[in-house]
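Both counts, for ligands and for their atoms, begin at 1 and track the order of listing.
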Amino acid sequence: MLTLPQSSPNAIEGLLDRRPISTAYPLASHIHSGSRKTTPVQITPTLSIGGDKVVMIAGPCSIESEAMAQECASTLAKMGIDMLRGGAYKPRTSPYDFQGLGRNGIEILESVRSSTNIPVVTEVMDVRLVNDVAQKVDMIQVGARNMQNYPLLMELGLCGKPVLLKRGHSARIQELILAAEYIMKHGNNSVVLCERGIRTFENATRNTLDVSAIPVLKAETHLPVIVDPSHAAGNNSYVTPLANAAIAAGADGLIVEVHPDPASALSDADQQLNYNEFSVLMRRIAMIAVACGRTVNWQL
Ligand code: PEP
Ligand code: MN
């Protein structure tokens, strides 16, 4: 019978120690870090992802107006989130759907960031916009649809800002790690991986959250791993259970879609949480994080 090592604070880590280190992705793997630990990624002088603290990123799917962004950011900041999310350039499946406010959305994020003092992450799809957006936000997101956009990944290697790299809809774990390796090989070691559900035969949820990816990515890389339960679930009633599972499985944080009035949202209305639902999620996550020997930055 397999027995877990008692001396390890994290029994899974003890098991992972015995796995060979892959050389297919030398920068992302544990080879250079010299230990089996996660290397925290510094977002601001006071915020890092990948340490003892479970990090909470939350905000609307899209920035819809200055008033909405300001109200949402200040409410979520008071609840204790670590970072605000909000899309300005939106990757929409249909060209007839709301495409985001674009440059105006970035300017709104910039003003919300300075008025609330909360760091922001937003998506960039176009290689030509990387440098400009990198100067205005704290972290740049690569969305699922662009995980294998190699010119974009290479430009992000040079951008000087941390990158949140989402797993592609149909990407294998190894392909996600190799996408991170592109960014790192071009000079940027500050990469956070994000599991956001993959496309499977199951259609009861928008995507299938691959919880297995969390321990596998931890075993294979030293990069922080966060989870997006919103795009996995596609339905607000499944978001909190998936978030709970992610933190219990060892994720370093969450990125959750929260909207002041989800029913009126211009994108992803079905999956966004309202403030009450989000406060329940935060309470649950705090309990699970503490039970897993971690901490959080909020008190509810
Ligand atoms: C998003 O986070 O707004 C988004 C579009 O996510 P994904 O790329 O995971 O679909
Ligand atoms: Mn969305």
Side-chain angles (χ1 to χ4, degrees), residues 49 55-64 68-69 72 76 81 83-95 97-102 105-106 108-109 120-126 129 133 137-149 152-153 156 162-171 173 175-176 179-180 191-200 205-210 213-214 217 225-236 238-239 242-243 246 251 253-274 277-278:
I49 304 180
V55 167
M56 185 66 76
I57 307 170
C61 177
S62 302
I63 298 298
E64 298 175 3
M68 171 263 203
C72 198
L76 294 174
I81 66 163
M83 196 168 185
L84 182 78
R85 63 146 288 144
Y89 297 101
K90 293 303 301 177
R92 303 308 303 281
T93 302
S94 166
D97 286 341
F98 176 62
Q99 303 286 304
L101 297 182
I106 299 292
I108 292 172
L109 274 173
V120 300
V121 56
T122 198
E123 175 163 358
V124 172
M125 296 185 283
D126 186 330
L129 297 174
V133 177
V137 300
D138 302 278
M139 188 178 210
I140 294 192
Q141 174 175 317
V142 178
R145 294 159 183 82
N146 275 299
M147 190 204 84
Q148 287 179 311
N149 179 340
L152 181 64
L153 300 179
L156 288 166
V163 176
L164 175 55
L165 178 63
K166 289 189 145 195
R167 181 179 182 181
H169 298 109
S170 303
I173 291 172
E175 291 167 329
L176 170 61
V191 180
V192 173
L193 304 173
C194 181
E195 163 60 37
R196 45 77 74 209
I198 51 174
R199 189 163 283 180
T200 69
T205 49
R206 184 175 179 184
N207 292 286
T208 299
L209 182 68
D210 182 8
I214 303 161
L217 290 168
V225 178
I226 69 165
V227 166
D228 173 348
S230 307
H231 290 87
N235 177 322
N236 57 16
Y238 305 143
V239 170
L242 297 187
L254 295 166
I255 177 165
V256 182
E257 286 189 342
V258 183
H259 190 284
D261 175 26
S264 70
L266 298 182
S267 57
D268 286 348
D270 293 344
Q271 71 196 32
Q272 301 204 62
L273 300 184
N274 63 32
E277 291 162 340
F278 183 59

Query raised in the report: Considering residues at least two apart in sequence or located in another chain, which fulfil the salt bridge (Lys or Arg N to Asp or Glu O under 4.0 Å) criterion with Asp261?
Result: none
Report task. Using a strict 4.0 Å cut-off to heavy atoms of Pro91, name the atoms of ligand 1 that fall inside it. Result -> 5 (C)
Requested in this report: Compare all side-chain heavy atoms of Glu123 with those of Leu164 and state whether any distance is below 4.5 angstrom.
Outcome: no
Report task. Please identify which atoms of ligand 1 are closer than 4.0 Å to at least one heavy atom of Gly143. Result -> 8 (O)
Query raised in the report: Under 3.5 Å, side chain of Arg85 to main-chain N/O of Cys61, donor-acceptor pair present?
Result: yes
Query raised in the report: Counting only heavy atoms not in Tyr238, do more than 12 sit closer than 6.0 Å to its OH atom?
Result: no
Query raised in the report: Can a salt bridge be assigned to the pair Arg167 and Asp210 using a cut-off of 4.0 Å between side-chain N and carboxylate O?
Result: yes
Query raised in the report: What protein atoms of element N, O or S are positioned under 2.8 Å from the Mn ion (ligand 2)?
Result: Cys61 SG, His231 NE2, Glu257 OE2, Asp268 OD2
Query raised in the report: If every non-hydrogen atom of Ser264 is compared with every non-hydrogen atom of Glu64, which pair is closest and at what distance?
Result: O-OE1, 4.5 Å
Report task. Look at the side chain of Glu195 and the backbone N and O of Gly197, then say whether any donor-acceptor pair between them is shorter than 3.5 Å. Result -> yes
Query raised in the report: In terms of side-chain heavy atoms, does Asp268 have a donor or acceptor partner in His259 at a distance below 3.5 Å?
Result: no
Report summary line: The closest protein heavy-atom partner of atom 9 (O) of ligand 1 is Arg196 NE, 2.7 Å
Report task. Just need the protein heavy atom nearest to atom 6 (O) of ligand 1, so name the residue and atom and give the distance. Result -> Lys166 NZ, 3.0 Å
Report summary line: Looking only at protein heavy atoms, what sits closest to atom 8 (O) of ligand 1 is Ala144 N, 2.7 Å
Query raised in the report: Under a heavy-atom criterion of less than 4.0 Å, does Lys90 contact ligand 1?
Result: yes
Query raised in the report: At their closest point, which heavy atom of Val239 faces which heavy atom of Pro229, and how far apart are they?
Result: O-CB, 3.6 Å
Query - Per-atom contacts of ligand 1 with Arg85, taking only distances under 4.0 Å to non-hydrogen atoms - result: 1 (C), 2 (O), 3 (O)
Report task. Report yes if Gln141 has an N/O atom closer than 3.5 Å to an N/O atom of ligand 1; otherwise report no. Result -> yes
Query - N/O donor-acceptor pair under 3.5 Å between Asp228 side chain and His231 backbone - result: yes
Report summary line: closest protein heavy atom to atom 4 (C) of ligand 1 is His231 NE2, 3.4 Å
